**Q** 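Have a look at the structure that comes next, please.
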Amino acid sequence: MTEPLSPQYEPKSVEAPLYRWWLANGWFGPRGTGEPYVIIMPPPNVTAQLHMGHGLNLSIQDVMIRFERMRGRDAVWVPGTDHAGIATQNVVEKLLAKEGKTRFDVGREAFEQRVRSYVAETGTTILEQIRSLGASCDWTRTYYTFSDELSRAVREAFVSLFDKGLIYRGKYIINWCPRCLTALSNEEAEKEETDGRIWRIRYPLADGSGDIVVATTRPETMLGDTAVAVHPDDPRYHESIGKQIRLPLVGRLIPIVADAAVDADFGTGAVKLTPAHDPLDFEIAKRHGLEAIDIMTPDARIAETAPERFHGLDRFVARKAVVAELEAAGLMVGVDNHRHAVGHCYRCDTVVEPRYSDQWFVRMAPLAAPALQAYRDGDLHFVPERRGLEYAQWLEGIRDWCISRQIWWGHRIPVWYCQSPGCAAMTASRTDLDRCPTCGGTATQDEDVLDTWFSSQLVPFSSLGWPDSTADLARYYPGHALVTAPEILFFWVSRMIMAGLESRATLPFTTIYLHGTVRDTQHRKMSKSLGNGIDPLDVVDRYGADALRFTVIGGLAVGTDVILDPADLDTSFASGRNFANKLWNVGRFLLSSLDGPVRPLAGADPNVVTRAELSLADRWIIARCEATVREATEAFEKLRLNDAANAVYRFLWNDLADWYLEAIKPRLYGDVPGGDVARAVAVQTFDVALRLLHPVMPFITETLWKRLPGRADDATIVIAPWPRPDHRAVDPGAVDEFGALQEIVGAIRSIRAEYNVQPGQAIRASLARCGAHVTAAIHQQRSVIERLAKLSALTVTEDEPAGADTAAGAVLTDGTSLTVPLGDLVDLVKECARLGQEIGRLTAAIGNQETKLANEQFVSRAPADVVEKERAKLASWRDQAAVLEGKRGQLGCPP
RNA sequence: GGGCGAAUAGCUCAGUUGGUUCAGAGCGCCUGCCUUACACGCAGGAUGUCGGGGGUUCGAAUCCCUCUUCGCCCACCA
């Protein structure tokens, strides 16, 4: 750890060994003391590869957990993976497809085995990738939603809900994915606005007395029609109610029924009813005792319940065939374009088919009520706040949750059916059953598995040992924050809240941070299929994890998306990469200037640096450091992570590096006295800044911090104490006075640039009309100003210096007059114009200000302090303008 | 169809309670510099009807109304 530092930061050589060192020392684990602070990681799919969404999500969580850890909390970040039922099954099915097989060819048990071994191989990949970002998880608690332990929790939750009557089985219209061959929950059927068509079809009355025209967006479903419905009060159809229709193409006789659910104003006001394939139709049919004819096979082909010529046709092929036949029969009245929302499978994007089938459901209303109440009571803190409204609205309109899936990869539903004809008992059980507990007959388990989200909703407590009463559970439940993308607010976050309230009678967390999405420059979501993704591992490899983290955190306004350019990583991650390098060089410079022990700044040590020894620059950087501590701490607390990161950035770059280090170089080099004090101040403020930055850039801060003087070999910034505000460091006088010096230096630099003074050429400058404090400051920091503005001499006079007829000049905001004699370099015409322009600007401002202050309304109604400030402003501007006029006079400028 | 939000520099966005952070930052752009920590750098610059219109107010990027344009969530008008 003591080899010389390279001029350019090389994250690759630093990060991996450092992470191993952290792990070896167990600093990410729980301390067991202090108030717990717990974050449960949203489990990535067990087959996932790290993408930028993870990069963003994990960076945020790690910042939060590291911040709280340094503040002394017993910070525990619980990582895990999700078995991801449908998604994982799809992956393995694709592998099988390459061998020309389906899961049905290999059989259920062999398939499950195949998935298990696949997951065993790849399951640790994503966790390894997470480590490369520097995530300070408690790896001893890594969970997996399909482990034996969590499977036991799933059974417990299921049976408990079943026993309370909150889980039931029944035949309803559910969302069916014909590709995945399973039922989906409402949330898993993503509605997408789609341009479609709506056809108007003539249905003839059986008695030949006329016809009725129905409208439909899915003509193929007519093969399963069992009625036509109209509104009972619709005068157009009053006479038709109760009559029979001869269903075209099929020949079946179906009734016309009246139901208030029909909207008379939509379409033709008459709805064809296909109870087996539409939820509204199903509802109406139930009320009228109508039959439901399922005309589709699981893979959405026309089934044998429809006329034979359609058998086996894909639903969209059948649609064309039905339309063609209806047209040929002269029954097609017309077709219109129609934009409507169509459900798509969230895993494979196939159009979802509403399907009548036997499924398991969770009764949600009783679970939703307390979850909604918690929000209304203000017990849930959403970031950004408006997301809470979405949460509440979803709960208000909650519908029962279909939890059974007709796939093979997942927690088998723990329900056994008695095979004895006389018994047929249905038993939910925590343990496997062979025999029916009622009659002792053979019992067989339900074939379906549970929705993946049924298991992941339990992780805030199942990952801590529930249903056993473990010490972990007692200490680390409930947790505190939950950080995730808004897409899974309903899938996961809401359900965790309901599950926590149901199983543990406590909210699983109280802060819900919902971050934006990572997008490309065209604001498209990054995706494999678009090829616009950024591989975080690639970014880490090029620029380091710290650069990635700073870039996303620093650019992350609360609740907004992060825009990155996949085609230009250099530019996308420039801010993080550049800052890391800057920081590296600040550290390199500082460390190289330290020889021997550095005196402490505070404490009882007789060697301590006293306040009297501090120069203005010292007091200023200490005050700025103090302000940064306050600003960053408050921003982290409010989860304004970008504000915190940028506050430290500004301090380190714009204050410490740009001004302070430049100011103390002569002292450090020994050219002027006070080097030991400067070293002490620089080391202390740098130490503080490193700690403030550590949550965002853990690797580089640790690397530099460890090299600061006086560190033991096993010292780590990971658990270093968070800097505390120190009122003794607050020093508005130093901030003002050093600010005046900065303005002076800036003004001289501007003039140098304006007149192309060679960077190496020292020039003279003089100041007049300074205030007492500033005069003192100038005298104390004369060498600093001379150095920073590259001056050969700086004089301070009461009045304007004589012989300034070949000088450039400027006035500072406090009225200080700056004169820079440049001899031949000064272009008099240009200088006159420059001063004139400045005067013009001031004159305009003075005019406005005079009008404002002449306004009786303003003077009488605005608060006195505001009026006073405005008066002072006016006076100051007049003063400045007068100084500039004087300069024009000296130069002999034309009026 | 219901609900919510956004529009500020070329790009991505800050701007928290209406008045000294009030017009800002980063990236990009222009000029000059390889000044013994850093060219992934230093110094100096340019750029805006704060989406349009109306209103409230002594005072509006900030509050209200309206229009326009984008975005998000929800939704069984077939």
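Residue numbers start from 1 in every chain, and the chains themselves are labelled A, B, ... in the order their sequence lines are given, proteins ahead of strands. Just so you know, these numbers come straight off a predicted model, no measurement behind them.
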**Q** Let me know, please, whether A:Gln857 or A:Gly746 comes out on the 5' side of the other along RNA chain B by nearest nucleotide.
**A** A:Gly746
**Q** Using a heavy-atom cut-off of under 4.0 Å over every strand shown, decide if A:Lys869 touches base, sugar-phosphate, or nothing.
**A** nothing
**Q** Sticking with atom P, work out how far B:C50 lies from B:U8, rounded to a whole angstrom.
**A**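 Going atom to atom, P in each nucleotide, I get 11 Å.
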**Q** Is the phosphate of B:A25, meaning OP1 or OP2, less than 4.0 Å from a side-chain N or O of A:Trp653?
**A** no
**Q** May I ask you to decide whether A:Arg624 forms a salt bridge with A:Glu631, counting only side-chain N to carboxylate O separations under 4.0 Å?
**A** no
**Q** Nearest-nucleotide wise, let me know which of A:Ala215 and A:Val562 is further upstream toward the 5' end of RNA chain B.
**A**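 Looking at the nearest nucleotide for each, A:Val562 comes out on the 5' side.
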**Q** Considering only the C1' atoms, how many Å lie between B:G48 and B:A14, rounded to the nearest integer?
**A** 15 Å
**Q** Starting at atom CZ of A:Phe651, determine the distance to atom C1' of B:G26, rounded to an integer number of angstrom.
**A**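 For the pair A:Phe651 CZ and B:G26 C1', the rounded distance is 20 Å.
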**Q** Should A:Arg630 and A:Glu634 count as an ion pair when the cut-off is N to O under 4.0 Å?
**A** no
**Q** For B:C27, give the paired nucleotide (Watson-Crick: N1-N3 plus N6-O4 or O6-N4; G-U: N1-O2 and O6-N3; both under 3.5 Å), or none.
**A** B:G10
**Q** Taking pairing as Watson-Crick or G-U wobble with both contacts under 3.5 Å, can you name the mate of B:G1, or confirm there isn't one?
**A** B:C74
**Q** Can you measure A:Asp643 atom CG to B:U16 atom P for me and round it to whole angstrom units?
**A**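 Computing the A:Asp643:CG to B:U16:P distance gives 11 Å.
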**Q** Looking at B:C73, B:G15, B:A78, which one has an atom nearest to any side-chain atom of A:Arg640?
**A** B:G15
**Q** Salt-bridged, A:Lys12 to A:Asp541, with N to O below 4.0 Å?
**A** yes
**Q** At under 4.0 Å between heavy atoms, what does A:Asp561 touch on the DNA or RNA strands: base, sugar-phosphate, or nothing?
**A**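 A:Asp561: backbone/sugar contact only, no base atoms under 4.0 Å.
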**Q** Measuring from the side chain of A:Asn578 (C-beta onward, heavy atoms only), which nucleotide among B:G41, B:C76, B:G45 has the closest atom?
**A** B:G41
**Q** Under a 4.0 Å N-O cut-off, is there an ion pair linking A:Arg200 with A:Asp336?
**A** yes
**Q** OP1 or OP2 of B:C33 versus the side-chain N and O atoms of A:Arg752: is any pair under 4.0 Å?
**A**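 Answer is no, no contact under 4.0 Å.
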**Q** Please state the C1' separation for the pair B:C40 and B:U57 - nearest whole angstrom.
**A** 49 Å
**Q** For A:Glu662, which contact category applies under a 4.0 Å heavy-atom criterion: base, sugar-phosphate, or nothing?
**A**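 Result for A:Glu662 = base.
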**Q** Check the distance between B:A75's C1' and A:Phe490's CZ and give it to me in whole angstrom.
**A** 12 Å
**Q** For A:Val262, which contact category applies under a 4.0 Å heavy-atom criterion: base, sugar-phosphate, or nothing?
**A**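 Answer is base: heavy atoms of A:Val262 come under 4.0 Å of a base.
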**Q** Given atom NZ of A:Lys790 and atom C1' of B:C42, what is their separation to the nearest angstrom?
**A**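 These atoms are roughly 12 Å apart.
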**Q** Just N and O in the side chain of A:Lys191: are any of them under 4.0 Å from OP1 or OP2 of B:C76?
**A**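 Checking B:C76 against A:Lys191, a side-chain N or O does come within under 4.0 Å of OP1 or OP2.
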**Q** Quick one: label A:Phe579 by what it contacts on the DNA or RNA (base, sugar-phosphate, nothing), any heavy atom closer than 4.0 Å.
**A**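 Here A:Phe579 touches no strand at all.
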**Q** Could you tell me the Watson-Crick or G-U partner of B:U36, where both distances fall under 3.5 Å? Say none if there is no partner.
**A**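 Base partner found: none.
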**Q** In whole angstrom, give the distance that lies between atom CZ of A:Arg399 and atom C1' of B:A75.
**A** 8 Å
**Q** Within the structure shown, what part of the strands sits under 4.0 Å from A:His338 by heavy-atom distance: base, sugar-phosphate, or nothing?
**A**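 Sugar-phosphate: the residue A:His338, judged by heavy atoms under 4.0 Å, touches backbone atoms but no base.
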**Q** Quick one: label A:Ala580 by what it contacts on the DNA or RNA (base, sugar-phosphate, nothing), any heavy atom closer than 4.0 Å.
**A** nothing
**Q** Looking at A:Asp827 and A:Lys830, does any basic side-chain N land under 4.0 Å from a carboxylate oxygen?
**A**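 Salt bridge absent between A:Asp827 and A:Lys830.
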**Q** From the list B:G44, B:G19, B:C38, which nucleotide is the closest neighbour of the side chain of A:Ala862?
**A**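 So the side chain of A:Ala862 is nearest to B:G19.
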**Q** For the pair made of CG in A:Leu273 and P in B:C76, what is the distance, rounded to whole Å?
**A** 17 Å
**Q** Which is true for A:Glu634 with a 4.0 Å heavy-atom rule: it touches a base, it touches only sugar-phosphate, or it touches nothing?
**A**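 If one applies the 4.0 Å heavy-atom cut-off, A:Glu634 turns out to touch nothing in the nucleic acid.
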**Q** Using a 4.0 Å heavy-atom cut-off across all strands, classify A:Arg387 as base, sugar-phosphate, or nothing.
**A** sugar-phosphate
**Q** Is it true that A:Tyr172 and A:Phe361 have ring centroids separated by less than 6.0 Å?
**A**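 They qualify: ring centres under 6.0 Å apart.
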**Q** Look at the side chain of A:Glu390 and decide which nucleotide, out of B:C72, B:A37, B:C40, has an atom nearest to it.
**A**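 Minimum distance to the A:Glu390 side chain belongs to B:C72.
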**Q** Rounding to an integer number of angstrom, what distance separates B:C64 and B:A23 when you compare their P atoms?
**A**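 Roughly 23 Å separates the two P atoms.
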**Q** On the six-membered ring of A:Phe589, is A:Lys665 placed so that its NZ or CZ lies under 6.0 angstrom from the centre and within 45° of the ring axis?
**A**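 Checked: cation-pi criterion met.
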**Q** For a quick check of understanding: with a heavy-atom distance under 4.0 Å over all strands, which category does A:Thr560 fall into, base, sugar-phosphate or nothing?
**A**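 The answer is sugar-phosphate, as A:Thr560 gets under 4.0 Å only of primed atoms, P, OP1 or OP2.
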**Q** Suppose you measure atom P in B:C65 against the same atom in B:A6; what distance do you get, rounded to whole Å?
**A** 13 Å
**Q** Taking only the side-chain heavy atoms of A:Val866 (C-beta and beyond), determine which of B:G3, B:G26, B:G19 contains the nearest atom.
**A** B:G19
**Q** Report yes if the side chains of A:Met526 and A:Leu564 come closer than 4.5 Å at any heavy-atom pair, otherwise no.
**A**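 Sidechains of A:Leu564 and A:Met526: in contact.
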**Q** Once you round it to whole Å, what is the distance between P of B:C42 and CH2 of A:Trp659?
**A** 13 Å
**Q** Can you check the A:Gln393 CD to B:G1 P distance for me, whole Å?
**A** 17 Å
**Q** For A:Lys665 and B:U36, is the shortest distance between a side-chain N/O and OP1 or OP2 below 4.0 Å?
**A** no
**Q** So which of A:Trp653, A:Tyr649, A:Phe573, A:Tyr543 actually passes ring-ring contact (aromatic ring centres under 6.0 Å, His included) with A:Phe550?
**A** A:Tyr649
**Q** How is A:Asp658 classified with respect to the nucleic acid when contacts are heavy atoms under 4.0 Å: base, sugar-phosphate, or nothing?
**A**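 Sugar-phosphate: the residue A:Asp658, judged by heavy atoms under 4.0 Å, touches backbone atoms but no base.
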**Q** Taking OP1 and OP2 of B:A37, is either one under 4.0 Å from a side-chain nitrogen or oxygen of A:Tyr669?
**A** yes
**Q** Between B:C29 and B:G10, how many Å separate the two P atoms, rounded to a whole number?
**A** 15 Å
**Q** Does the pair A:Arg287/A:Asp259 count as a salt bridge with the N-to-O cut at 4.0 Å?
**A** yes
**Q** For B:U12, take OP1 and OP2 only and decide whether either is under 4.0 Å from a side-chain N or O of A:His523.
**A** yes
**Q** Nearest to the A:Asp263 side chain among B:A37, B:C77, B:G45, which nucleotide is it?
**A** B:C77
**Q** Given that both distances must come in under 3.5 Å, which nucleotide forms a Watson-Crick or G-U wobble pair with B:G19?
**A**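 Base-paired to B:C58.
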**Q** Establish whether the base of B:C40 is bridged to the side chain of A:Lys582 by a donor-acceptor pair shorter than 3.5 Å.
**A** no
**Q** Looking across every strand, which nucleic acid part, if any, lies under 4.0 Å from A:Arg749 by heavy atom: base, sugar-phosphate, or nothing?
**A**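 Sugar-phosphate, backbone atoms only, no base.
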**Q** Measure from the side-chain heavy atoms of A:Phe266 and tell me the nearest of B:C77, B:G5, B:G44.
**A**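 Between B:C77, B:G5, B:G44, the one nearest the side chain of A:Phe266 would be B:C77.
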**Q** Heavy atoms from C-beta onward define the side chain here; which of B:A78, B:A37, B:U12 lies closest to that of A:Ile563?
**A**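 The listed nucleotide nearest to A:Ile563's side chain is B:U12.
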**Q** Provide the distance between the two C1' atoms, one in B:A75 and one in B:G3, to the nearest whole Å.
**A**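 After rounding to an integer number of Å, I get 11 Å for this pair.
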**Q** When we call it a touch if two heavy atoms are under 4.0 Å apart, what does A:Pro863 touch: a base, just sugar-phosphate, or nothing?
**A** base
**Q** Rounded to whole angstrom, note down the C1' distance from B:U21 over to B:G28.
**A** 25 Å
